[in-house]
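Letters go in sequence order (proteins before strands), and every chain restarts at 1.
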There are 2 protein chains.
Amino acid sequence: MSTEAEEWGKQLRLAGYKLTRQRRAVLAVIAAGETHLSPAEVYDQARIACPDLGLTTVYRTLEILSELGLVRRVHLEKGCHSFASASGGHSHHLICNKCGEVIEFEGCDLSPLLERVAQRTGFVIEAHWLELFGTCPACQRVSENSPQRHQDTKK
Amino acid sequence: MSTEAEEWGKQLRLAGYKLTRQRRAVLAVIAAGETHLSPAEVYDQARIACPDLGLTTVYRTLEILSELGLVRRVHLEKGCHSFASASGGHSHHLICNKCGEVIEFEGCDLSPLLERVAQRTGFVIEAHWLELFGTCPACQRVSENSPQRHQDTKK
DNA sequence: ATGTAATTGAAAATACTTTTCAATTAGATT
DNA sequence: AATCTAATTGAAAAGTATTTTCAATTACAT
């Protein structure tokens with residue numbers, strides 16, 4: 001199990017949750033995954049290590065991880081069913097349109113923008129939410145006919 | 001019918017769609033609405049003017065409007081089922097956490113940020129997506145006990 | 001080892017969205 | 001104004017995603 005998954009396990013315990021075999025399997029999958037994963041994808045992958053895992057538990061575990069801020073929903077044009085790790089703190093996601101790889105980045109200095117919008121609209125701005133989309137280095141190198149994950153997953 | 005809805009009607013015709021009674025009703029509701037609305041909410045409101053409207057048609061019309069860029073899905077923590085008008089061009093949404101009011105704003109200059117992230121990650125960045133959340137002027141004035149729309153809609 | 005509340009999976013229920021299809025209709029053509 | 005035709009419609013069915021229920025199991029404090 002990766003270090004990140006171990007760390008998450010501790011956090012779960014700290015928050016008063018039991019660290020079950022099923023939860024371990026789910027943690028391991030998302031912590032290891034470099035792409036965004038839907039509950040069904042997490043289910044499929046986690047069942048390799050834990051065959052009696054139920055889909056319900058995947059949903060429940062994802063909810064806990066979200067609540068603890070360890071995982072965040074990734075919002076795409078196609079739908080908002082996927083999750084990616086969000087290792088604490090304030091960060092945003094950079095997502096590869098081709099393979100689905102997700103990278104976190106921090107240090108978004110939007111203060112001037114936020115202030116300008118606040119002044120113009122009279123809103124008190126409480127949160128912001130930024131996602132970037134593009135092509136990752138690996139997919140840039142790949143010719144257009146090569147197999148790539150996550151594009152056209154659904155017809 | 002508001003001017004915006006009339007304009008949208010023209011755009012539909014231009015794109016080769018027929019301007020039916022049902023579509024008019026849907027356009028009118030979203031163009032007039034200052035908040036984000038789910039398909040079911042659009043359905044309820046549009047049926048006042050057009051009682052034989054079907055929910056299916058609401059979905060179909062929202063899809064057309066999205067495709068033409070006149071409407072955009074609003075992504076919230078709670079879910080991503082709502083839509084708000086997006087009067088053309090590149091713009092982002094500022095959303096009131098209390099009443100659900102949606103305001104569009106433009107002129108997000110993220111170029112320095114985007115460039116920095118691109119350099120650090122090697123990604124070619126193709127699109128970005130920004131949403132701001134806060135409290136609108138009206139809801140700021142309202143005391144905490146007053147009725148407010150859209151908060152706690154679902155339990 | 002034991003006790004107990006949290007957790008589990010399966011099934012049912014609920015929610016959301018799309019597809020199918022025969023009937024209707026917008027709008028072009030006469 | 002009447003006619004034509006392909007686009008559009010709503011209802012029902014199907015499909016997909018998610019949550020709830022509940023009896024059985026299990027983590028882990030004692």
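- The CZ-P distance, from Arg24(B) to dT25(C), rounds to 15 Å in whole Å.
- In the set dT8(D), dT8(C), dT9(D), dT8(C) carries the atom at the smallest distance from any side-chain atom of Gln22(A).
- When rounded to the nearest whole Å, the span between CZ of Arg60(A) and C1' of dA6(C) equals 11 Å.
- Separating the CZ atom of Arg21(B) from the P atom of dA23(C) is a distance of 19 Å, rounded to the nearest angstrom.
- Rounded to an integer number of Å, the gap from CG of Leu19(B) to P of dT9(D) is 10 Å.
- His93(A) places a side-chain N or O within 3.5 Å of a backbone atom of Ser85(A) that can act as its donor or acceptor partner.
- When the C1' atom of dC16(C) is taken as reference, atom OH of Tyr43(B) falls 14 Å away, rounded to whole Å.
- dT8(C) atom C1' lies 12 Å from atom CD1 of Ile64(A), rounded to whole Å.
- A donor-acceptor contact shorter than 3.5 Å is absent between the side chain of Gln11(A) and the backbone of Leu68(A).
- For Glu63(B), the CD atom sits in a loose shell: 12 or fewer heavy atoms of surrounding residues, nucleotides or ligands are nearer than 6.0 Å.
- Set against dT18(C), dT19(D), dT9(D), the side chain of Thr56(B) has dT18(C) as its closest nucleotide.
- Residue Arg23(B) is in sugar-phosphate contact alone, with no base atom involved, counting any heavy-atom pair closer than 4.0 Å across all strands shown.
- With ring centers used as reference points, His75(A) lies under 6.0 Å from Trp129(A).
- Listed pair Tyr59(B) / dT17(C) meets the phosphate criterion, a side-chain N or O lying under 4.0 Å from OP1 or OP2.
- When the side-chain nitrogen and oxygen atoms of His81(A) are compared with OP1 and OP2 of dT16(D), none of them lie within a distance under 4.0 Å.
- Rounded to whole Å, atom P of dT26(D) lies 12 Å from atom NZ of Lys18(A).
- The closest side-chain heavy-atom distance from Cys50(B) to Arg24(B) is not below 4.5 Å.
- When heavy atoms are screened at a 4.0 angstrom cut-off, Thr20(A) is found touching the sugar-phosphate backbone but no base atom.
- In this structure, CG of Leu55(A) is placed 12 Å from C1' of dT16(D), rounded to the nearest angstrom.
- Note on Arg13(B): a side-chain N or O is less than 4.0 Å away from OP1 or OP2 of dG27(C).
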